[in-house]
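Each chain gets a letter, A, B and so on, in the order its sequence line appears, and its residues count up from 1.
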2 protein chains.
Amino acid sequence: MGIDELDGRLLELLAEEPRIGVLEASRRLGVARGTAQARLDRLRTKGVIRGFGPDVDPAALGYPVTAFATLEIKQGQGADVRAHLAGVPEVLELHTITGQGDMLVRLVARSNADLQRVIDRVVGFDGIMRASTAIVMENPVPLRVVPLVRQAAGDL
Amino acid sequence: MGIDELDGRLLELLAEEPRIGVLEASRRLGVARGTAQARLDRLRTKGVIRGFGPDVDPAALGYPVTAFATLEIKQGQGADVRAHLAGVPEVLELHTITGQGDMLVRLVARSNADLQRVIDRVVGFDGIMRASTAIVMENPVPLRVVPLVRQAAGDL
DNA sequence: TATCCACTGGACAACCTGCACACCGCACGG
DNA sequence: CCGTGCGGTGTGCAGGTTGTCCAGTGGATA
């Protein structure tokens with residue numbers, strides 16, 4: 001069920017240079033191509049690798065503003081709220097959470113002014129009672145997994 | 001600077017079936033291969049597509065617990081805190097934000113118990129004054145961009 | 001010891017990529 | 001009205017890569 005050291009190096013390699021194919025990867029890992037291929041297949045079927053989707057930058061799409069909103073939901077309205085939020089394109093991610101607030105939403109907008117519109121659209125729904133928003137100023141650590149992979153591969 | 005309808009369809013296609021190559025994509029889009037290739041190149045150089053990194057699932061790596069922590073930082077300690085957090089493998093993402101709290105951290109752990117260890121490590125640093133954590137229970141909308149791409153492509 | 005499993009090295013055809021070239025239609029400015 | 005630039009279309013080619021299969025090897029296990 002775990003990930004061994006070879007898997008770890010393979011994942012790192014792919015994370016850093018996704019363009020390289022199985023053959024090139026096997027060369028750099030110093031193993032036979034069939035091995036690299038088998039490892040990759042296994043990682044995919046095990047679900048460790050979900051896919052190789054293109055990494056799209058919302059900023060380059062014209063949505064340079066990112067924000068996180070914490071929502072408070074009326075009891076029993078969860079499902080409706082989820083459906084509503086899923087219908088808003090600017091909602092990139094939605095989690096239900098413990099603690100103060102019931103949901104955490106990641107959203108983007110074209111500008112700070114546009115963020116107001118997005119928030120209005122997000123909270124303009126019956127089941128949502130309160131929302132508090134935090135605008136992202138900087139992103140010193142963009143979403144990453146390599147360090148985690150390294151750790152997971154370390155402890156066999 | 002924008003994204004036209006063809007770009008949008010190309011991105012959607014790649015997002016849904018990353019395995020297909022340029023040739024197959026061009027066939028499905030009903031355009032010449034050279035066109036698809038040129039579009040893809042342009043999207044890459046414009047920064048819309050950052051890359052094709054493997055989409056790794058932390059849960060499958062043995063880290064099924066996700067949480068968000070809001071940190072309060074001592075004035076002037078920002079840089080040190082950033083460096084400290086960047087050194088923690090379980091920290092997947094770090095944002096500096098406005099509003100209550102100064103930073104938002106996304107972290108993972110092997111279990112709820114393990115989360116305690118991770119949080120201790122995260123907040124066990126001099127510049128950090130307070131931390132409030134929200135554990136993710138469900139993730140009804142995983143990180144997505146397709147709807148946004150569609151919208152960006154819609155308004156030419 | 002027999003068996004299972006992963007890895008190796010090699011081979012094959014089919015396919016895709018990167019690149020180049022000639023040509024066409026359109027928009028724009030002179 | 002014409003030249004130019006840009007993006008798209010077809011086409012072609014060499015080289016690399018993929019998917020797949022096979023036989024052989026070594027280690028771990030029952």
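- In this structure a side-chain-to-backbone donor-acceptor pair under 3.5 Å is missing from A:Thr66 to A:Val136.
- Each of A:Arg19 and A:Gly30 was matched to the nucleotide of DNA chain C holding its nearest heavy atom; the match closer to the 5' end belongs to A:Gly30.
- Between A:Thr35 and B:Gly21, the residue whose closest nucleotide on DNA chain C is further toward the 5' end is A:Thr35.
- In this entry the distance linking CG of B:Leu29 with P of D:dT9 reads 10 Å, nearest Å.
- For the pair A:Arg39 and C:dC7, the criterion of a side-chain N or O lying under 4.0 Å from OP1 or OP2 is met.
- Put simply, CZ on B:Arg27 is 15 Å from C1' on D:dG10, counting in whole angstrom units.
- Closest to the A:Arg42 side chain, of the nucleotides C:dC16, D:dT9, C:dC7, is C:dC7.
- No engagement by B:Gly34 is indicated, since no non-hydrogen atom pair under 4.0 Å with the nucleic acid exists.
- Recorded end-axis angle for the helix from C:dT1-D:dA30 to C:dG30-D:dC1 stands at 40°, based on five pairs per end and rounded to 10 degrees.
- Distance, B:Leu6 CG to D:dC6 C1': 15 Å, rounded to whole Å.
- Taking atom CG of residue B:Leu40 and atom P of nucleotide C:dG18, one finds them 9 Å apart after rounding to whole Å.
- Nucleotide C:dA6 holds its P atom 16 Å from the CG atom of A:Leu10, rounded to whole Å.
- One can place CG of B:Asp41 at 12 Å from P of D:dG7, the figure rounded to the nearest angstrom.
- At a threshold of 4.5 Å between non-hydrogen side-chain atoms, the residues B:Arg106 and A:Leu143 count as touching.
- Residue B:Val22 places its side chain closer to C:dT17 than to any other of C:dT17, D:dG7, D:dT9.
- The interatomic distance linking B:Glu24 (CD) with C:dC16 (P) rounds to 7 Å, in whole Å.
- Taking side-chain N and O atoms only, A:Gln37 has no distance below 4.0 Å to OP1 or OP2 of D:dT18.
- Interface remark: the A:Arg33 side chain does form a donor-acceptor pair with the D:dT20 base, using a distance-only criterion of under 3.5 Å.
- Defined by atom type and a distance below 3.5 Å, a donor-acceptor pair is missing between the side-chain atoms of B:Asp41 and B:Gln37.
- One N or O on the side chain of A:Thr96 and one on the backbone of B:Glu138 form a donor-acceptor pair closer than 3.5 Å.
- Looking at B:Ser26, its side chain never comes within 3.5 Å of a backbone N or O of B:Ala36 through a donor-acceptor pair.
- Ring geometry, B:Phe68 versus A:Phe68: the interplanar angle falls from 30° to 60°, so the pair is classed tilted.
- Between the P atom of D:dT18 and the CG atom of B:Leu23 lies a distance of 16 Å, rounded to the nearest Å.
- In this structure, A:Arg144 contributes its side chain and B:Ala86 its backbone to a donor-acceptor pair below 3.5 Å.
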